[in-house]
Amino acid sequence: MDIETRIRRRRRRGADQTLVLDYDLLNPAAHVSEPNGRGPIVERVLDHLDPAFDESLPSDVYVWGPPGSGKSAVVSALFSRLEAPATQPRTAIRTTTRAQSAELPRFVYVNARQANSEFKLYRHVLDGVTDGDAPTKGISTDDLVSELRSVLSEFVGAVVAVDHADEFEPSPTAVRSNLETLNDPISTVLVGRTPPSNVDGFGDIAEIEIPGYSQQVLIDVLMTRGSSGLTQDALAYDQSRRIAAWAGGNAHDALAALFSAAVIAEDDGVQKVRSEDVTAGIDTVPRGGTSLGVVLTLPSNRQRVLRAFLDLEADRRSTVTATTEAIADSARVDLSAGTVKRILYELADIGVFDRVTTDQTTGHGRPPSRLEPRFPTLPFQKLYEPH
DNA sequence: ACCTGGTCCCGGGCTCGGTTTT
DNA sequence: AAAACCGAGCCCGGGACCAGGT
């Protein structure tokens, strides 16, 4: 938990915040520093990275598993530790030619959901290696590459973790080929949910498969998060067990359901998460839907459109056209109707909405469809921050 | 034939970092 | 120094076209 989180937590306290202490601690997309029950997997990843602790580079590896199985949790927790020490513990080994202590490779974690283009990939790697002052635009990709090359040349090599690598544009394969053009000793840890046989080039490298959470571990995850994010004893074991049973090993869905149940309970002004809150919470979370991590990393205007959508009454949601007009009129967004329409269709395309064809027969023309959110809406409303 | 919804694509404007000119 | 300029990536707007219905 960073300082900002701690301060926000204090600010929110008091008033009517009696049940939920901090929504961020229930956020499925925010990972904790010590993931529950994933010790053996951490160990396996570390085993593979072992050469990096001995001044050489590990081979590339693909870490994969179903959604909500803790891939990001493990890799981001691991890399946040590994990234930190720029100066390595001094060893007795010194090269004879140079009076320079043995250096270990740099570790960098990149989220391909944010870095989903060649330019952004380089930019985020550069950000991770330096202190985050890489330009966001205004320079050419080539200039960015040479900048990155010169920075990387100061290290013996780099281990780059690319989370959600299978969501990279234009193709997952491009992650590796882009990093190869840097002509630097780079080892990649690719992370994704697509089986290696279904991604070009990912089947040729080492793999670490992560299974979904067992129900017992998932209950532990829920209880741990619940006890830090909610007031004391607000979450009963039985409620966690129900959520875990429903979530079927998907920690994202489980946490989203807990989050939603907590929102509903708090809006009702109660001190504990009741069984009915869990039922209602589960009801609002689509199983296997689009994860909050995807929704919360969308460009700001798309999130605005989404937020405006959630304000709409049911009758404004009856068709895409009606929804488009309503959102274009909303004070939350400042976009033309044409753009809103395009964004809505694009969001449906990536799975943020379901398109349901209505039975409404207006007579002429192609029958319209309406949009139904396919992501955890209550957590999104709470975590959404206009920017 | 005609109508409306849905898809695809790309030109141009915006904003930024770097470079040249004043 | 400061200002003007330039070229880059990203996003918005919107037109052209296709799909699916009466």
Side-chain angles (χ1 to χ4, degrees), chain A residues 110-152 162 164 167-171 174-175 177-179 181-182 290 294-309 312 314-374 384-387:
Chain A
V110 169
N111 183 355
R113 281 176 180 159
Q114 293 155 23
N116 60 347
S117 72
E118 184 182 10
F119 183 89
K120 287 183 187 170
L121 176 64
Y122 296 139
R123 194 183 82 73
H124 277 82
V125 173
L126 183 58
D127 249 359
V129 179
T130 61
D131 285 333
D133 50 354
T136 57
K137 59 176 77 167
I139 66 168
S140 70
T141 306
D142 286 349
D143 288 353
L144 188 58
V145 166
S146 45
E147 167 84 23
L148 186 49
R149 275 193 187 129
S150 76
V151 172
L152 284 176
V162 182
H164 309 109
E167 296 174 34
F168 190 73
E169 293 296 327
S171 75
V175 174
S177 54
N178 286 342
L179 290 176
T181 61
L182 291 174
T290 298
V294 170
V295 176
L296 291 170
T297 52
L298 288 171
S300 58
N301 267 344
R302 324 245 146 176
Q303 291 195 46
R304 281 202 172 82
V305 168
L306 268 188
R307 187 60 189 82
F309 176 92
L312 300 182
D315 62 319
R316 309 302 302 266
R317 300 190 188 187
S318 58
T319 68
V320 175
T321 309
T323 304
T324 298
E325 284 164 8
I327 292 177
D329 285 344
S330 161
R332 289 187 186 272
V333 298
D334 183 26
L335 296 168
S336 76
T339 299
V340 171
K341 176 190 139 192
R342 176 172 53 75
I343 288 178
L344 287 174
Y345 280 117
E346 284 172 3
L347 290 173
D349 215 42
I350 62 172
V352 174
F353 288 116
D354 261 340
R355 275 180 40 211
V356 186
T357 47
T358 60
D359 43 1
Q360 161 187 335
T361 50
T362 47
H364 300 293
R366 186 174 177 167
S369 54
R370 87 189 124 80
L371 299 169
E372 285 182 0
R374 204 174 143 60
Y384 168 75
E385 284 169 14
H387 54 272

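Here is how names work: the chains are called A, B, and so on, in the same order as the sequence lines, proteins then strands, and each is numbered from 1.
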For the backbone of [Y] and the side chain of [X], can you confirm whether one donor and one acceptor N or O come within less than 3.5 Å of each other?
{"X": "Asn116(A)", "Y": "Glu169(A)", "result": "no"}
{"X": "Tyr122(A)", "Y": "Asn178(A)", "result": "yes"}
{"X": "Ser146(A)", "Y": "Asp142(A)", "result": "yes"}

Closest to the [X] side chain, choosing from [options]:
{"X": "Ser117(A)", "options": "dG21(C), dC10(C), dG17(B)", "value": "dC10(C)"}
{"X": "Ile139(A)", "options": "dG17(B), dG9(C), dG14(C)", "value": "dG17(B)"}
{"X": "Phe119(A)", "options": "dC12(C), dG9(C), dG20(C)", "value": "dG9(C)"}
{"X": "Pro299(A)", "options": "dG21(C), dC11(C), dG14(C)", "value": "dC11(C)"}
{"X": "Arg366(A)", "options": "dG13(C), dC10(C), dG5(B)", "value": "dG5(B)"}

Kindly say if [X] contacts the phosphate of [N], meaning a side-chain N or O under 4.0 Å from OP1 or OP2.
{"X": "Thr339(A)", "N": "dG13(C)", "result": "yes"}
{"X": "Thr141(A)", "N": "dA8(C)", "result": "no"}
{"X": "Arg355(A)", "N": "dT7(B)", "result": "yes"}
{"X": "Arg302(A)", "N": "dC12(C)", "result": "yes"}
{"X": "Ser140(A)", "N": "dG7(C)", "result": "no"}

What is the separation between atom [atom1] on [X] and atom [atom2] on [N], rounded to the nearest whole Å?
{"X": "Lys137(A)", "N": "dG18(B)", "atom1": "NZ", "atom2": "P", "value": "14 Å"}
{"X": "Asp143(A)", "N": "dG9(C)", "atom1": "CG", "atom2": "P", "value": "9 Å"}
{"X": "Phe353(A)", "N": "dT7(B)", "atom1": "CZ", "atom2": "C1'", "value": "18 Å"}
{"X": "Arg342(A)", "N": "dC10(C)", "atom1": "CZ", "atom2": "C1'", "value": "12 Å"}
{"X": "Asn178(A)", "N": "dG9(C)", "atom1": "CG", "atom2": "P", "value": "13 Å"}
{"X": "Lys341(A)", "N": "dC17(C)", "atom1": "NZ", "atom2": "C1'", "value": "11 Å"}
{"X": "Ile343(A)", "N": "dC12(C)", "atom1": "CD1", "atom2": "C1'", "value": "8 Å"}
{"X": "Leu144(A)", "N": "dC10(C)", "atom1": "CG", "atom2": "C1'", "value": "15 Å"}

Hey, is Glu372(A) close enough to Arg374(A) for a salt bridge, meaning N to O under 4.0 Å?
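Between Arg374(A) and Glu372(A) there is no salt bridge, as every charged N stays at least 4.0 Å from the carboxylate O atoms.
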Residue whose closest nucleotide on DNA chain B lies nearer the 5' end, Thr321(A) versus Glu346(A)
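Final value for this comparison: Thr321(A).
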For Thr357(A) and Pro135(A), take the nucleotide of DNA chain B holding the closest heavy atom to each; which residue's nucleotide lies nearer the 5' end?
Thr357(A)
From Leu335(A) CG over to Thr324(A) OG1, what is the distance, rounded to the nearest 0.5 angstrom?
11.5 Å
